[in-house]
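For reference, the structure discussed in these notes is given below.
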There are 4 protein chains.
Amino acid sequence: MSAPTGASGPREPVRRPARTARTRAKLFDAAITLLGERGPAHVSIDEIAAAAGVSKGTVYYNFSSKADLVAKVLESGVDLMEERLRSIPDGSDPVDRVADMVGRALEFLAEYPSFTRLWMSEMWRPASQWQTELSALRDRLLSLIREGLQAVARVHDVDPAVPVEQLAVTLMGSTMFAGLSRDNHGPALERDTAVAVVMTAVRGWVRD
Amino acid sequence: MSAPTGASGPREPVRRPARTARTRAKLFDAAITLLGERGPAHVSIDEIAAAAGVSKGTVYYNFSSKADLVAKVLESGVDLMEERLRSIPDGSDPVDRVADMVGRALEFLAEYPSFTRLWMSEMWRPASQWQTELSALRDRLLSLIREGLQAVARVHDVDPAVPVEQLAVTLMGSTMFAGLSRDNHGPALERDTAVAVVMTAVRGWVRD
Amino acid sequence: MSAPTGASGPREPVRRPARTARTRAKLFDAAITLLGERGPAHVSIDEIAAAAGVSKGTVYYNFSSKADLVAKVLESGVDLMEERLRSIPDGSDPVDRVADMVGRALEFLAEYPSFTRLWMSEMWRPASQWQTELSALRDRLLSLIREGLQAVARVHDVDPAVPVEQLAVTLMGSTMFAGLSRDNHGPALERDTAVAVVMTAVRGWVRD
Amino acid sequence: MSAPTGASGPREPVRRPARTARTRAKLFDAAITLLGERGPAHVSIDEIAAAAGVSKGTVYYNFSSKADLVAKVLESGVDLMEERLRSIPDGSDPVDRVADMVGRALEFLAEYPSFTRLWMSEMWRPASQWQTELSALRDRLLSLIREGLQAVARVHDVDPAVPVEQLAVTLMGSTMFAGLSRDNHGPALERDTAVAVVMTAVRGWVRD
DNA sequence: AATGAATGAGCATTCATTCAT
DNA sequence: CATGAATGAATGCTCATTCAT
C-alpha cells in the first residue's frame with residue numbers, strides 16, 4: 001500500500017533530485033504504515049529505514065529528526081486529504097456537496113488506515129509537542145468542513161442555536177470514528193450507509 | 001485535580017492497609033495527568049513516581065508493569081465515566097436521556113481532560129498493544145450509548161437507513177471531539193450549546 | 001594505579017552509601033586512566049563502564065552525563081593536587097617552600113600521568129565547554145603558586161618588572177611541561193634536577 | 001583572521017591550478033579556527049566544509065582524512081612558527097637572541113590563538129594518535145630553543161646543575177602558558193613584560 | 001575539480017525492570 | 001511496604017567516509 005506522499009512534488013530544482021525524491025517516497029511509504037500501525041513511539045528509525053530499504057543515516061539525511069519525519073508524514077497526509085476534499089465539483093445542493101465530502105473523506109480514511117490511526121492519536125496533543133502545528137493541520141481540514149456547512153446555511157434554514165464552527169468539529173469526529181470503526185470491523189459497512197450515518201447530523205441541523 | 005480513581009470498585013480484598021490505598025491514589029493522580037499530557041511513551045516511570053512523591057520501586061510494588069499502570073488508569077477512568085452515565089434517572093423522554101448522557105459525558109471530559117486525551121489516543125490502537133482490551137473498554141461505553149439510542153427508537157420514528165450501532169459510534173466521536181475542542185479553546189463553549197451540537201445527529205435521526 | 005579520588009569522602013549520609021561510594025570509586029579509577037590516555041573524545045562510556053566492572057547504566061545512575069563525569073574526574077584530581085600542595089609545613093625559607101611545592105607537584109604529576117595529560121589538554125579550553133569552570137580549577141592552583149611567590153617577595157628583593165601573577169602562570173607551565181616530559185622520556189630525570197630546572201625562574205626573579 | 005598556511009613550502013608540484021590552492025587555503029583557515037576553538041573531536045567535517053564555503057566532498061578531495069587535515073594544519077602552523085623563530089638576525093648577545101625568540105613566539109601565539117590552543121591540547125598526546133609525529137613537531141621547536149640556550153651557555157657562565165635539554169622544555173611551557181594566559185585575559189599584558197617574565201628563567205640560569 | 005546523496009558503525013543517553021535491604 | 005542502586009537492551013542521532021555524477 002502506497003503512502004499519501006501527496007503534495008511533495010518536484011520541490012527542489014537541484015541537480016540530482018530524482019534520487020532524493022525516490023528515497024523520500026520510499027521513506028514516506030514505509031513510515032506511514034509503521035507509524036500508523038504501532039504509533040510513533042513504538043517504531044524505531046531503524047525499522048523505518050529497513051522497511052524503506054535504505055540505511056538509517058539516509059533517514060537523517062532527509063529528515064532532521066524522528067519528530068520531523070512524523071510531522072512531514074502527517075502533513076503530507078493532510079495535504080492529500082485536503083486536495084481530495086477540495087476537488088469536489090460545484091453546482092449541486094450544498095448538502096449533497098457536504099455528503100460528497102464526507103464520502104470522500106471516508107474513502108480516504110479507508111484507503112490509508114495507517115494514516116488515519118496516526119492522525120487520530122496525534123491530533124489532539126498539546127500543540128507544542130510535535131513542533132509542527134498539528135493544530136494548523138487540523139484547522140485546515142476544519143475550515144473545509146466549515147465552508148461546506150456555511151454554504152448549506154446560506155441556502156437552507158438551519159438551527160441557529162448550533163454554531164457552525166462547532167458543528168464542523170463534531171462532524172469531523174463522527175467521520176473519523178466512522179472511518180476507524182469501519183476499518184476495525186472490516187468493510188462490513190457500506191460507504192453510503194456510513195455517509196448516511198454521519199450526515200444525520202447535518203439533516204438534524206437543517207430545518208426546512 | 002484528582003484523577004478518576006473512583007470506580008476502581010471493590011476489586012481487591014478491601015482490607016488492604018490504608019497506606020497502600022493512599023499510595024495508589026497518589027500514583028493514579030500523577031499518572032493520569034502526565035500520561036494525558038504527553039502520552040504514555042513520553043512519560044517515564046521515574047517521572048510518575050517523582051510526581052506521586054514515591055520511589056520508583058513503589059510503582060512496581062503496586063503495578064506489575066508500565067503497561068499495567070496505563071491499563072489500570074484507563075480502566076478506572078472508563079469505569080468512572082460509565083458510572084456517571086449509568087446513573088441517569090429513568091422516566092423522561094429517551095431523547096432527553098440521551099441528551100443528558102451527552103451532557104454528563106462532556107462534563108466528565110472537561111473534568112478530566114488528561115484522561116480524555118489519553119483515552120482518545122489509545123482508543124483506536126490495534127487491540128493487541130496495551131494488552132488490556134481497549135476495545136472492551138470502548139465497547140462498554142458504546143453499549144451505553146446504543147442502549148440509549150435503542151430506547152429512542154422504541155418510542156420514536158427513526159430513519160431505518162441508519163444502523164443504531166453505527167450512530168452510536170459517530171455520536172461517541174462527536175462527543176469526544178466536542179469535549180477535546182472545548183478543552184483546547186477554553187470554556188468558551190457553553191455546556192448546553194455543546195450538547196445541542198452533538199444532539200443534532202439524534203434529531204436528524206428521529207423523524208416524527 | 002588508583003585514581004585521585006581525593007576529596008570525595010563520605011559525602012551523603014544516606015542509607016546505602018557504601019555501595020555507591022565503591023561504585024563511584026571504581027568509575028573514577030577507570031575513567032581517569034582511560035580519559036588521560038586517549039582523551040575524552042576517544043573513550044566511550046561503554047569502555048569506562050567495562051573497565052570499572054559495572055554496567056553502562058550505572059555510569060548514568062552516578063553521573064548525569066559524560067561531560068559531568070569528565071568534569072568530576074578533573075575536579076577530584078585538582079582537589080587532590082591542591083591538598084598535597086597545601087600541606088607543606090611552614091617555617092622554612094619561602095623559596096624553599098616554593099621549591100617544595102614544585103617538587104610535590106612533579107611527584108603528583110608522575111603519580112597520575114593520565115590525570116596530567118587530561119588536565120593539560122582541557123585546561124585552556126574556552127571556559128564554556130565542559131560546563132564546569134575549568135578556569136576556576138586552574139585558578140585554584142594558580143592562587144596557591146601565587147601565594148608562595150608572594151611570600152618570597154615579602155622576604156626577598158625581587159625583580160619589580162615581573163608581575164607575580166604572571167610568574168605564577170609561567171611557573172605552572174614549566175612545571176607541567178617538565179612533568180609531561182619526564183613522563184614521556186621515562187624517569188630519566190631526577191626529581192631534584194627537575195625541581196632545579198623549574199626553580200631557575202624563581203632564582204632569576206630574586207635579586208638578593 | 002587568516003590561518004598560518006604560510007610555510008607549507010614547495011611541497012606539491014607547484015603547477016597545481018590556482019583553484020586548488022584557493023580551496024585549500026579556505027579550508028585551512030576554516031579548520032584552524034574551528035579546531036582551535038572546540039578541539040578536533042568537536043568539529044565535524046561538515047562544519048569545516050561549510051565554514052570554508054565548499055562541499056564536504058571537497059574536503060576529502062583535498063585531504064585524505066580528518067586526521068590528515070588536522071595533522072596538516074598542525075604541521076603548517078609549526079612550520080610557520082619555526083620559520084619566524086629561525087629568522088632572527090645573528091650578532092647580538094645570545095641572551096638577547098633568546099629573548100627575541102620568546103617575544104616572537106608570543107607574538108605568533110597571539111596572532112593565532114586557535115592554533116595555540118589546538119597545539120597545546122594535542123602536543124602531549126601519546127604519539128600514536130594523530131599518526132603525524134606530533135613529537136617530531138614538538139622536537140623541531142625544542143631544538144630551536146635548545147640551540148638558543150646552548151649559544152648562551154657558550155658565552156656565559158651557566159648553572160651546570162640545569163640540563164639545557166630540560167630548560168628548553170620548561171621554557172617552552174612558560175612561553176605557551178604565558179601566551180594562552182594573555183589570550184584569555186585580553187591583551188592586558190604587554191609583550192615586553194611577558195617576555196621579561198619568561199626570561200626570568202634564563203636569567204636565573206646565567207650566573208655571571 | 002567539485003559535489004551531494006547515501007552509508008553504517010559508533011555512541012550517548014534513556015528507561016522499564018529487578019532485587020537486596 | 002517501600003526504597004534506591006544497578007542493569008542492559010533499545011534507540012535517536014552523529015559523522016567520517018565513499019562514490020556516482
Atom-pair distance ([atom1] on [X]; [atom2] on [N]), nearest Å:
{"X": "D/Tyr61", "N": "E/dA2", "atom1": "OH", "atom2": "P", "answer": "7 Å"}
{"X": "B/Lys26", "N": "F/dA2", "atom1": "NZ", "atom2": "C1'", "answer": "11 Å"}
{"X": "B/Phe63", "N": "F/dA2", "atom1": "CZ", "atom2": "C1'", "answer": "15 Å"}

### Task
Check each of C/Leu35, C/Ile32, C/Thr33 against C/Phe115 using the side-chain contact (heavy atoms from CB on, under 4.5 Å) test, and report the only one that passes.
C/Ile32
### Query
Is any side-chain heavy atom of A/Trp119 closer than 4.5 Å to a side-chain heavy atom of A/Val73?
no
### Task
For D/Ser55 and for A/Gly53, find the nucleotide of DNA chain E with the closest heavy atom, then tell me which residue's nucleotide is more 5'.
D/Ser55
### Query
Does A/Ser121 have any side chain to side chain donor-acceptor pair (under 3.5 Å) partners at least two apart in sequence or in another chain, and if so, which?
none
May I ask you to evaluate whether [X] reaches the phosphate of [N], defined as a side-chain N or O under 4.0 Å from OP1 or OP2?
{"X": "C/Thr58", "N": "F/dA6", "value": "no"}
{"X": "B/Asn62", "N": "F/dC1", "value": "no"}
{"X": "A/Thr23", "N": "E/dA6", "value": "yes"}

### Message
Testing the 3.5 Å rule here: is there a donor-acceptor pair between the side chains of A/Thr23 and A/Thr20?
### Response
no
### Summary
Hits for side chain to side chain contact (heavy atoms under 4.5 Å, CB included) against C/Ala50, two or more places apart or cross-chain, chain-then-number order -> none
### Task
Could you name each residue pair satisfying salt bridge (Lys or Arg N to Asp or Glu O under 4.0 Å) that touches residues 47-64 of chain C, not counting sequence neighbours?
C/Arg38-C/Glu47, C/Asp46-C/Lys56
### Task
Using a 4.0 Å cut-off on protein heavy atoms (strictly under), produce a 5'-to-3' string for nucleotides 10-17 of chain F with B for base contact, S for backbone-only sugar-phosphate contact, and - for none.
B-BBB-BB
### Summary
Taken in chain and number order and not counting sequence neighbours, the residues that satisfy ring pair (Phe, Tyr, Trp, His ring centres under 6.0 Å) with B/Tyr60 are none
### Message
Can you give me the dot-bracket string for DNA chain E, 5' to 3', counting Watson-Crick and G-U wobble pairs with both distances under 3.5 Å, using [ ] for crossing pairs and | for partners on another strand?
### Response
.||||||||||||||||||||
### Message
Whether D/Lys72 and D/Glu75 form a salt bridge (side-chain N of Lys/Arg under 4.0 Å from carboxylate O of Asp/Glu) is what I want to check.
### Response
no
